[in-house]
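The structure presented is a predicted model; accordingly, all values stated were derived computationally and were not measured.
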Amino acid sequence: MAAADPTCSRVEVDAGICPRAESTGTEVVVTGERSPGSQPGEWGSDGGTNYYDDDSSAPPDTTPQPPTPPREDNCSPANPTTCFEQPDVPAEPAIPQPTLADVARFAPASVPLVDEPDGVGVVGMPMNFVVDAQTHERTGTLFDLPVTVRFTPASVLFVHGDGTSRVSDGGGRSWAALGLAQFSATPTSHAYTARGSYTASAVVRYAAQVNFGNGWVAVPGVLEIPTTSGDVQIFEVRTALVDKTCLENPGGVGC
């Protein structure tokens, strides 16, 4: 038998919104259509306890949820919502451009000037000059930073002492290294036109580079390092037909 809730008004009973209790003989079942202000289907029963499907009376949702992924440290084109502004990182101070004056203390030592044949020449015949300049590297500190400085021979200026000079791409090679006989012309030889004593010298022009650990950087200009100098004696040679040697006739022609 079903009976209306005695607390319901007549209007609620006629409208069908008042719950009814029905006895089956073994249990009492409470049912209803809907409550005022609710939507159809919001009135329900769970083990005999009535409730509305709203946040205040509904049981909590215990369904496991996936973890929230961590935010990325930088912007992702696939998911720009994870981007956030990066803090400003101070830029490293720029390294000044070194000059020849800055690297001069790393320069190679002076090298000797070698002349062939050993300080003695003949008028009109080539004398050979050689400067053995090599690539030179040194390490140290520049601008309070570790640095490697490299010097590479770019050219050599030969000064012969008789008012002439010659520029060569290299320091030359000896007659023996070139497989030539004495008094042969070479790229660094010179023939004097008059007898006398001359002081020959040379200047090696080095191109400089520096490396602070991030690659080689050229230093503008060339560094000139003079070689040692040397005196050469130039003799004049003449030939003559004589009937006696100078030992036999010290006063003879050419003696």
Side-chain angles (χ1 to χ4, degrees), residues 66-116 127-174 177-178 186-190 198-231:
T68 302
R71 294 177 67 87
E72 299 180 6
D73 288 340
N74 45 36
C75 293
S76 169
N79 188 11
T81 59
T82 62
C83 300
F84 60 93
E85 185 177 355
Q86 296 290 325
D88 293 335
V89 178
E92 295 185 1
I95 300 175
Q97 170 65 57
T99 65
L100 289 176
D102 294 325
V103 301
R105 60 188 175 91
F106 297 92
S110 176
V111 293
L113 172 68
V114 177
D115 61 81
E116 295 179 313
M127 285 197 70
N128 191 35
F129 295 97
V130 179
V131 174
D132 187 19
Q134 303 290 332
T135 298
H136 169 83
E137 284 189 9
R138 282 186 60 188
T139 59
T141 302
L142 184 62
F143 307 136
D144 295 328
L145 296 171
V147 68
T148 301
V149 183
R150 175 189 294 168
F151 291 91
T152 304
S155 63
V156 179
L157 170 65
F158 290 93
V159 180
H160 306 122
D162 61 351
T164 65
S165 62
R166 183 176 193 172
V167 177
S168 174
D169 292 339
R173 300 173 64 190
S174 67
L178 294 171
T186 71
T188 58
S189 65
H190 175 65
Y198 303 93
T199 299
S201 62
V203 175
V204 182
R205 295 168 174 170
Y206 291 92
Q209 295 174 294
V210 296
N211 189 342
F212 290 95
N214 53 359
W216 291 101
V217 176
V219 178
V222 291
L223 186 65
E224 296 187 342
I225 306 235
T227 67
T228 58
S229 58
D231 292 333

Of the options L223, T227, V222, which is the one that meets I225 in a side-chain contact (heavy atoms from CB on, under 4.5 Å)? L223
Parallel, tilted or perpendicular: which one describes the rings of F129 and H160, with boundaries at 30° and 60°? tilted
Which atom pair, heavy atoms only, marks the closest approach of V204 to P153? CG1-CB, 4.4 Å
Are V167 and R205 packed together at the side-chain level, in the sense that at least one heavy-atom pair is separated by less than 4.5 angstrom? yes
Between T148 and W216, is there a side-chain heavy-atom distance shorter than 4.5 Å? yes
Can you check whether Q97 reaches P220 side chain to side chain, under 4.5 Å on heavy atoms? yes
Would a distance-only check, ignoring hydrogens and angles, find a side-chain to backbone donor-acceptor pair under 3.5 Å from R138 to F151? no
Quick one: are E116 and S189 in side-chain contact, heavy atoms under 4.5 Å? no
Return the minimal non-hydrogen interatomic distance between A133 and Y206, and the atom names on each side. CB-OH, 3.9 Å
Closest heavy-atom contact between F143 and P98? CE1-CG, 4.0 Å
What distance separates D115 CG from S201 OG, expressed to the nearest 0.5 Å? 11.5 Å
Does a side-chain heavy-atom distance below 4.5 Å link H190 with M127? no
With distance as the sole criterion, is a donor-acceptor pair present between the side chains of D231 and T199 under 3.5 Å? yes
With the side chain counted from C-beta on, respond yes when F106 and V210 share a heavy-atom pair under 4.5 Å apart, and no when they do not. no
Nearest non-hydrogen partners of L113 and A202, listed with the distance: CD1-CB, 4.2 Å
Decide side-chain contact (heavy atoms from CB on, under 4.5 Å) for D132 and V114; before the verdict, give the C-alpha distance in whole Å, the side-chain angles of both, and the deciding distance to 0.1 Å. CA-CA 9 Å; D132 187 19; V114 177; over 6 Å; no
Separation between OG1 of T164 and OH of Y198, rounded to the nearest 0.5 Å: 9.5 Å
Taking all non-hydrogen atoms of both residues, which atom of S110 and which atom of T228 are closest, and how far apart? OG-N, 3.7 Å
For L142 and R105: C-alpha separation, side-chain torsions, deciding distance, then whether side-chain contact (heavy atoms from CB on, under 4.5 Å) applies. CA-CA 10 Å; L142 184 62; R105 60 188 175 91; 4.2 Å; yes
Do the side chains of V217 and F212 get nearer than 4.5 Å, heavy atoms only? no
Compare all side-chain heavy atoms of T188 with those of R166 and state whether any distance is below 4.5 angstrom. no
